[in-house]
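Numbered from 1 within each chain, the chains take letters A, B, ... in sequence-line order.
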Amino acid sequence: MLELKVYNTLARKKEIFAPIKAGQVGMYSCGPTVYKPAHIGNLRAYVFMDELRRIFEYSGYKVKSVMNITDVGHLVSDGDDGDDKMSKSARETGKDPLEIAAEITDRFMADIDSLNIKRPTVCPKATDNIPEMIAVVQALLDNGYAYETADGIYFSVEKFAGYGKLSGVKLEDQRHGARVEVNSFKRHPIDFALWKKAAPNHLQQWDSPWGRGFPGWHIECTAMSRKYLGETFDIHTGGVDHIPIHHENEIAQAECWLGHKAVNYWMHNEFMLIDGGKMSKSLNNVYTVADVVAKGYTPMELRYLYLNVQYRQKLNFTWAAMDAAKSAYNKLCGLLLAHKNGVVKTDKAALDEYRRKFEEAITDDLNVPLALGVLWTMLKLPKSADVYNLALDFDKIFALDFDKVKEEEKPQIVIPEDVKAMAELRLAARRAKNWAESDRLRDVIAYMGYAIKDTADGYELTLK
RNA sequence: GGCACCAUAGCCAAGUGGUAAGGCAGAGCUCUGCAAAAGCUUCACCCCCAGUCCGAAUCUGGGUGGUGCCUCCA
């Protein structure tokens, strides 16, 4: 069992990971709200979740990973009032909310599969856990942390002394209502909804002790994480954007409900930027995996790009960076293949040293970029299957399909007869050392749309 | 106004007290008629100022700059 250091947002420093149960890890990751396809920024969070899990497994832990599928309830852009995303999307497309949720969930799973992100052990859906959420809300009402208003049940943040301990924000420092109109029913501007009472035309609503309604947008994580991981669990992950509101609220709910600490380690991934700034629809720079693939890159090349930056650093996505990742990944595969076919025996002590450096990197708060550097350096050794086999072991963390490297299959393109004839003429010219004619024919072939490369025993034609 | 993160070569990026990993691009060389491919080699004193220290990219203070959050957001 390797010792892991992880950066705990709660402590604002790296800590040695100590599991609740020896040899086991329970982790919960805030999952997608399935009303529109995930973009590559969203996906960074799941690559992080995946790396974390893989490193624990590599280190000898048994991991239970839980990720929610939010198919209800997140309100759109107006605080605790107004419409929710699922309903909005449903109205826009004319589809049933659950129909949209099913479609988007399938697409999400296909996306994470393509990126070699292991599916979590459990992916509970919010709509399957409404009774569990109602029970938490009721408990918070019973013990005095929540109150009922005309439009819902709210959590009273002033009753929880620990509010703000994750993000460092203080209640009185916030500019309430600066951009959002304050809900007049609330006792304190940042009290948040646990349960919302629904209007008759609201698309998703359930019976509750407070009439028909739907859950607030923080309660599902609290209800489901406890259901699947127990009252206190090891790790909760999510994007940095969740620190000030969502996770702060989760802590408040859970600790007030349970009466004790609920999560030992909070871990957050930084954002992906596009061309140095936030991705947004108005800038037209929100890309999905499908968009990246459509531009000629593979999901593995994209995964390589993710892996090249440590999870707590901002990752600036540019197409130039994507090109660099493509080049690097393909070169890497070429080197791996050469090692796979290598015949040199590599000294065991040398291999052990590379393994030690690799493990040192990954166990130091997921320093995957450093681990990649170790790999690159190792691949400079004389070509040896021993090196390849160790690289395969490293790939338990990278998950870059090192086991699938093989001789590049020449794309079977049909070469027109006239192009072939030109190539033959050029070959003859070369054999006669008529270089001027040879070069002229290369230009002709290029003009016809093909590139010609000389090989040891002839030539190779490819589409330009 | 508050909170947080960050600032290392043309680009991406690791390094958090002992003299700058790795990748992309570039340059040079080898090989090849040339080209392509491949291989080898090469390429930074770390935003600024002041301090602590035998020693700082790494710590402290002050600047400057960037990004995000304070509304749903990975």
Side-chain angles (χ1 to χ4, degrees), chain A residues 9 12 14 29-33 35 38-49 70 73-85 88 164 166-181 190 217 237-246 248 268-273 276-280 304-305 307-318 320-329 331-332 334 338 357 361 364 367-380 430 433-436 438-439 442 446 451-456 459-460 462:
Chain A
T9 306
R12 303 233 174 255
K14 288 185 197 173
S29 303
C30 283
T33 300
Y35 70 104
H39 59 247
I40 54 177
N42 297 132
L43 261 359
R44 188 182 189 201
Y46 307 109
V47 171
F48 160 55
M49 167 189 87
T70 299
H74 277 202
L75 296 161
V76 85
S77 60
D78 37 8
D80 285 325
D81 295 309
D83 213 348
D84 72 58
K85 290 174 179 175
K88 185 166 180 284
L166 187 66
S167 59
V169 298
K170 296 181 180 66
L171 293 186
E172 58 273 20
D173 288 341
Q174 299 302 302
R175 283 186 167 183
H176 309 298
R179 297 162 69 194
V180 179
E181 202 170 328
I190 62 169
W217 44 278
T237 76
V240 286
D241 56 315
H242 280 148
I243 297 171
I245 304 290
H246 181 50
E248 207 70 83
H268 297 92
N269 62 280
E270 252 297 350
F271 262 45
M272 172 185 268
L273 306 177
K278 195 182 180 179
M279 59 177 93
S280 73
Y304 184 91
L305 179 69
L307 265 37
N308 195 228
V309 184
Q310 205 261 358
Y311 77 96
R312 284 194 293 116
Q313 303 298 323
K314 291 178 182 71
L315 191 171
N316 186 19
F317 180 92
T318 60
M322 199 59 236
D323 280 336
K326 184 184 185 67
S327 295
Y329 179 67
K331 190 170 165 189
L332 189 62
K357 284 182 178 166
D364 183 13
N367 197 336
V368 180
L370 182 59
L372 276 175
V374 174
L375 174 69
W376 278 101
T377 306
M378 180 174 85
L379 292 178
K380 286 181 181 156
R430 289 191 68 233
K433 299 199 186 297
N434 186 346
W435 309 127
S438 165
D439 289 347
R442 176 157 52 205
I452 189 162
K453 285 197 302 192
D454 297 321
T455 59
Y459 56 83
E460 188 181 307
T462 51

Could you tell me how far [M] sits from [N] if I compare only their [atom1] atoms? Round to whole Å.
N     : M     : atom1 : value
B:C45 : B:A35 : P     : 33 Å
B:G18 : B:C59 : C1'   : 14 Å
B:C47 : B:C12 : P     : 14 Å
B:U16 : B:C5  : C1'   : 16 Å
B:G51 : B:A25 : P     : 44 Å
B:U41 : B:U8  : C1'   : 24 Å
B:A56 : B:U52 : C1'   : 10 Å
B:A7  : B:A13 : C1'   : 13 Å

Looking only at side-chain N and O atoms, does [X] come under 4.0 Å of OP1 or OP2 in [N]?
X        : N     : answer
A:Lys278 : B:C69 : yes
A:Asn367 : B:G15 : yes
A:Lys380 : B:G23 : yes
A:Lys314 : B:C5  : no

Identified pairing partner of B:C59, criterion: Watson-Crick or G-U wobble below 3.5 Å: B:G51
Under a 4.5 Å cut-off applied to non-hydrogen side-chain atoms, are [X] and [Y] in contact?
X        : Y        : value
A:Met272 : A:Ile40  : yes
A:Gln310 : A:Val368 : no
A:Arg44  : A:Val309 : yes

For [X] and [N], give me the distance from atom [atom1] to atom [atom2], rounded to whole Å.
X        : N     : atom1 : atom2 : result
A:Leu379 : B:G39 : CG    : C1'   : 15 Å
A:Leu166 : B:A4  : CG    : P     : 12 Å
A:Asn316 : B:G23 : CG    : P     : 21 Å
A:Asp454 : B:C34 : CG    : P     : 11 Å
A:Glu248 : B:A4  : CD    : P     : 12 Å

[X], nearest nucleotide to its side chain (from [options]):
X        : options             : answer
A:Ile245 : B:C70, B:A74, B:A36 : B:C70
A:Trp376 : B:C24, B:G33, B:A74 : B:C24
A:His39  : B:C5, B:G33, B:A74  : B:A74
A:Asn308 : B:C24, B:G22, B:A14 : B:G22
A:Leu273 : B:A74, B:U67, B:C24 : B:U67
A:Leu370 : B:A21, B:C34, B:U67 : B:A21
A:Glu270 : B:C34, B:C69, B:C5  : B:C5
A:His246 : B:A74, B:A14, B:C73 : B:C73
A:Asp439 : B:C73, B:G33, B:A14 : B:G33
A:Arg12  : B:C72, B:C5, B:A36  : B:C5

Nearest heavy atoms of A:Leu307 and A:Leu372, plus distance in Å: O-CD1, 3.8 Å
Carboxylate-amine/guanidinium contact A:Glu270 A:Lys314, below 4.0 Å: yes
B:G23 base / A:Ser327 side chain donor-acceptor hit below 3.5 Å: no
Face-to-face contact A:Phe271 to B:A74 six-ring, under 5.5 Å, under 30°: yes
